[in-house]
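These values consider heavy atoms only, across backbone and side chains, with no hydrogens, waters or symmetry-generated copies. In this chain, residues are counted from 1 in sequence order.
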Amino acid sequence: MLSPQVERNIETMISQNNIVSPDKLAEVKLDAAKAGKSLIELLVERKFITDEDATKIIAVSSHIPYVDLSKVNISNDVLRLIPKEDAESNMAVAFGLVEGRLNVAMVDPENLQAIDFLARKTGYPISAYMAPRDQIQGWLNRYQGGLGTEVEEALTAGETEEDKADIEKLKNLNLKDSKKLETIVQDAPITRALNSILEYAINAKASDIHIEPRRNDLKIRFRVDGILQEVMSLPKTTEAALISRIKILSNLKIDEHRTPQDGQAQYRYGNKEVDLRIAIAPISYGEQVVIRLLDKSDTLLTLKKLGLRGRSYRLIEKGIQKPQGMVLSTGPTGSGKSTTLYAIIQEIISPKINIVTLEDPVEYKIDGVNQIQVNTAVGLTFASGLRSILRQDPNVIMVGEIRDHETADLAVQSSLTGHLVLSTLHTNSAAGVLPRMLDMKIEPYLIASTINTCVGQRLVRTICPKCIKSYSASPAAVRMINKVLGKILSPNPADVKKISEEYGYDKLPTYSENAYTLYKGEGCSECQDGYKGRTGIYEVFEMNQQIENLLLTRATTSAIQAQAQADGMITMQQDGILKVLSGVTTLEEVARVASE
C-alpha cells in the first residue's frame with residue numbers, strides 16, 4: 001500500500017510530464033477513490049501506462065533506485081547467491097556484487113523484513129532496487145542448474161503419500177517380474193523428480209519435453225519456441241523409475257516395453273491446468289518419451305494475432321464466409337495448423353450455427369462448440385466420426401486431419417451437401433493440397449467444386465521486444481531480399497503505401513539496391529537468444545477458373561504454385577521477408593523454416 005505522500009508525488013509526476021491529460025487524470029483519480037484502488041493501479045488497468053512505466057514512476061516518487069533487468073546481464077554465480085526458493089518467496093533477484101554489497105532487485109524494496117532476511121541468508125549487506133514483477137519473474141525462470149538441483153534433491157528424499165499410493169497401484173497390477181516392481185518401489189521419489197521437470201518446462205513455456213535414453217545416461221530436452229535445447233542429464237539408473245512413473249500418470253501398461261504407447265494426463269501447477277499428450281516408443285537404449293504440453297489457461301488467438309495480414313487474411317475471411325466448401329490448412333507437424341483452425345472457429349462462432357469438431361486429441365475446449373475426441377480403440381476414427389457428425393445437423397465441421405481416401409471422400413461429400421468443412425493436410429505448400437487430394441483418389445472436378453481456400457504455413461520465432469536492435473543489412477542480405485521481393489517492393493515512395501495496404505505491413509521500405517534496415521534481439525533476461533514467442537508466415541490462395549483448369553489436367557504442384565503467384569499470392573518466404581523488414585523476425589529464422 002502506497003503512502004499518501006507517495007500517492008501525491010505520483011500524481012504530481014504524471015501531471016508535470018503530461019503522461020495523462022488533466023481531464024482524464026481527474027476522472028481516473030475519482031474512479032480510483034470509488035473503487036478503493038491507487039491511482040497508479042487504475043492507470044495500469046486502463047492501459048494508460050505499462051507495468052514497467054508504473055514501476056519507474058513509483059520508484060522515482062518513493063526515492064528508491066530503479067533497475068531495468070532486461071538490460072542487465074546477471075552471471076549464474078551472482079544470481080544463485082540468493083537460493084531460488086528464497087528469491088521466489090520474496091520476489092527478489094540478485095543482480096550485482098559491488099564493493100561488498102549485494103544489489104538486489106525487488107518488487108517491494110520497502111519490505112525491511114525481507115531485506116533483513118536476505119542479508120542474513122547471503123551474508124552480504126543489501127542495496128535494494130525496484131524492478132517490474134515480470135522482469136524479476138523472467139530471471140527466476142532462468143536460474144541455471146535449478147532443475148538439476150531440484151531433481152537431485154527429489155531423488156534423494158524420502159517417500160511421500162503420493163509415492164506410497166503409486167506403489168499400491170503398481171502392486172495391484174500383478175506384474176509377473178517382481179524385480180521390476182522392486183526397482184520402481186525403491187525409486188518412488190521419482191514422482192517429485194518428474195514434477196520438477198514438468199514445472200520447469202511449464203515455466204520455460206516449453207511445448208514438448210523429450211526424455212531420451214542414451215548408453216550411459218538419460219537426456220532431458222525441452223522444445224521452446226520450436227527449438228530443442230538440452231536442459232539436463234540424469235543417471236541411467238533413474239530411467240526405469242521415471243518412465244514407469246510417466247506410464248502410471250497416463251494409465252499406460254508399465255510392463256510393456258516392445259511396442260509404442262500413447263496416452264494422456266492432466267497436471268495442475270499453481271493456477272494452470274496443463275494437458276499432457278504422452279508418446280512412448282522403444283529405441284536402441286530403452287524407451288523414448290515425448291510429452292506435449294497444452295496449457296488450457298492460454299487464450300485462443302485470432303487470425304490477425306497469428307500473423308495473418310493483408311491479402312492472405314482477406315482470402316481466408318472470404319473462404320469462411322461461404323456457407324459450404326472446404327478451407328484447408330497445410331504444413332508439417334508443429335507448424336500451427338490446428339491453431340489456425342481454432343482461430344477460424346473463433347471468427348465464425350455464433351449461437352445461430354452448429355459447429356462440430358472431430359479431433360485427435362481435443363487440444364482446447366471452446367464454449368459453444370461440440371467437440372468429439374477420436375478414439376480408435378473403440379472404432380471412433382476420423383471417417384466413422386465424420387459419418388456420425390453428418391447426422392447431427394451441423395453447419396460447420398472441423399476434421400482434425402485428412403489422412404486417407406475415406407476421410408477425404410467424406411469431407412468432400414460433406415462440403416457438397418451444404419457444410420463448411422475445416423481441416424488440415426500434411427503438405428509442404430498450399431499448392432501441394434490439390435495434388436495431395438488427387439493422390440487420395442478424389443476426382444478433380446470434385447476438388448475444384450468444393451475447395452474454397454488453401455493455406456500453407458510455418459512458424460518463425462519473433463524478436464524479443466525488450467532487446468530489439470536495428471542494423472544495416474549486409475550486401476548478401478540485400479541481394480537475397482531483392483531476389484525474393486523484387487516484384488513486390490517499389491522504388492517509388494508513393495507506391496509504398498499501396499503495397500503496405502495490400503499486404504498489411506506498415507513499415508515497408510522502398511526498393512533499394514544497397515541498403516535495408518533489419519532487426520535482431522541482443523538477448524536479455526526475458527528471452528531465448530534474442531527471440532521471444534512465435535508467429536506464422538503464410539501463403540494463401542483461393543480456387544478460381546485458372547486453377548480449376550490446371551486441376552482438371554492434373555497439373556503439378558509447381559504449375560499450380562506459379563498460377564497462384566500470378567494471381568497475386570505471396571509465398572511463405574515472401575511473407576517471412578516482409579515480416580523481417582517490419583521488425584517481426586530475422587532473416588535467419590525465415591531461412592531456417594522457409595528457404596526455397
Side-chain angles (χ1 to χ4, degrees), residues 68 70-73 223-229 306-312 331-332 335-336 428-429 456-539 561-562 565 569-596:
D68 184 350
S70 67
K71 298 179 179 176
V72 176
N73 187 22
R223 188 178 294 280
V224 180
D225 289 338
I227 304 296
L228 274 171
Q229 50 189 259
L306 288 177
L308 277 155
R309 304 183 183 185
R311 183 179 185 275
S312 297
S335 61
N428 290 325
S429 65
Q457 64 183 85
R458 298 286 191 280
L459 291 175
V460 293
R461 291 182 293 173
T462 52
I463 301 170
C464 174
K466 290 286 185 182
C467 60
I468 188 171
K469 180 182 179 182
S470 62
Y471 68 99
S472 297
S474 67
V478 171
R479 288 193 298 272
M480 192 271 273
I481 291 169
N482 286 338
K483 179 182 176 183
V484 175
L485 296 182
K487 296 179 180 179
I488 293 177
L489 296 180
S490 170
N492 184 358
D495 292 335
V496 172
K497 185 177 180 181
K498 294 179 182 178
I499 296 168
S500 297
E501 289 175 353
E502 172 68 10
Y503 299 112
Y505 295 95
D506 55 7
K507 288 172 61 176
L508 295 183
T510 56
Y511 180 90
S512 172
E513 290 288 350
N514 50 28
Y516 288 111
T517 299
L518 303 182
Y519 303 86
K520 63 181 178 180
E522 292 188 300
C524 66
S525 64
E526 296 190 24
C527 67
Q528 177 69 34
D529 301 328
Y531 296 99
K532 187 175 183 181
R534 289 190 290 177
T535 192
I537 56 175
Y538 299 88
E539 57 186 26
Q561 176 91 2
Q565 287 183 249
M569 181 186 83
I570 60 169
T571 65
M572 281 183 281
Q573 189 181 34
Q574 288 172 331
D575 189 36
I577 300 298
L578 289 172
K579 285 182 167 71
V580 168
L581 295 176
S582 299
V584 175
T585 188
T586 65
L587 275 178
E588 292 76 13
E589 270 299 286
V590 175
R592 181 177 67 85
V593 303
S595 57
E596 293 183 349

Taking [Y]'s backbone N and O only, do any of them form a donor-acceptor pair with [X]'s side chain (distance below 3.5 Å, no angle check)?
| X | Y | value |
| --- | --- | --- |
| Gln574 | Val484 | yes |
| Ser582 | Leu578 | yes |
| Glu589 | Arg461 | yes |
| Asp495 | Ser490 | no |
| Thr462 | Thr535 | no |
| Lys579 | Val460 | no |
| Asp225 | Gly533 | yes |
| Gln457 | Gly336 | yes |

Quick one: pull up [atom1] in [X] and [atom2] in [Y] and give me the separation to the nearest 0.5 Å.
| X | Y | atom1 | atom2 | value |
| --- | --- | --- | --- | --- |
| Leu489 | Ser512 | CG | OG | 10.0 Å |
| Ile537 | Met572 | CD1 | CE | 6.5 Å |
| Ser335 | Tyr538 | OG | OH | 9.0 Å |
| Glu522 | Ile468 | CD | CD1 | 10.5 Å |
| Arg534 | Ile227 | CZ | CD1 | 8.5 Å |
| Leu508 | Ser500 | CG | OG | 4.0 Å |

I need the minimum non-hydrogen distance between [X] and [Y], along with the two atoms involved.
| X | Y | answer |
| --- | --- | --- |
| Ala473 | Val478 | CB-CG2, 3.9 Å |
| Ile570 | Ser312 | CG1-OG, 4.4 Å |
| Gly307 | Tyr505 | O-OH, 4.4 Å |
| Leu587 | Ala477 | CD1-CB, 3.6 Å |
| Thr517 | Ser470 | CG2-CB, 3.8 Å |
| Cys467 | Gly530 | SG-CA, 4.3 Å |

Leu485/Ile488 under side chain to side chain contact (heavy atoms under 4.5 Å, CB included): CA gap, chis, key distance, verdict: CA-CA 5 Å; Leu485 296 182; Ile488 293 177; 3.9 Å; yes

Given side chains that start at C-beta, do those of [X] and [Y] come closer than 4.5 Å, heavy atoms only?
| X | Y | answer |
| --- | --- | --- |
| Glu539 | Gln565 | no |
| Thr586 | Val580 | no |
| Pro491 | Thr510 | no |

Test log, rule side chain to side chain contact (heavy atoms under 4.5 Å, CB included), inputs Leu581 and Ile481: CA-CA 9 Å; Leu581 295 176; Ile481 291 169; 4.2 Å; yes

Pair Arg309-Tyr503, side chain to side chain contact (heavy atoms under 4.5 Å, CB included): steps then yes or no: CA-CA 6 Å; Arg309 304 183 183 185; Tyr503 299 112; over 6 Å; no

Salt-bridge criterion met for Lys498 and Glu501 (N-O under 4.0 Å):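 Glu501 and Lys498: not salt-bridged.
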
Cut-off 3.5 Å, side chains only: do [X] and [Y] have a donor facing an acceptor?
| X | Y | value |
| --- | --- | --- |
| Asn492 | Tyr511 | no |
| Tyr531 | Thr585 | no |
| Lys520 | Tyr471 | no |

Stepwise side chain to side chain contact (heavy atoms under 4.5 Å, CB included) check, Asp575 with Met569: CA-CA 10 Å; Asp575 189 36; Met569 181 186 83; over 6 Å; no

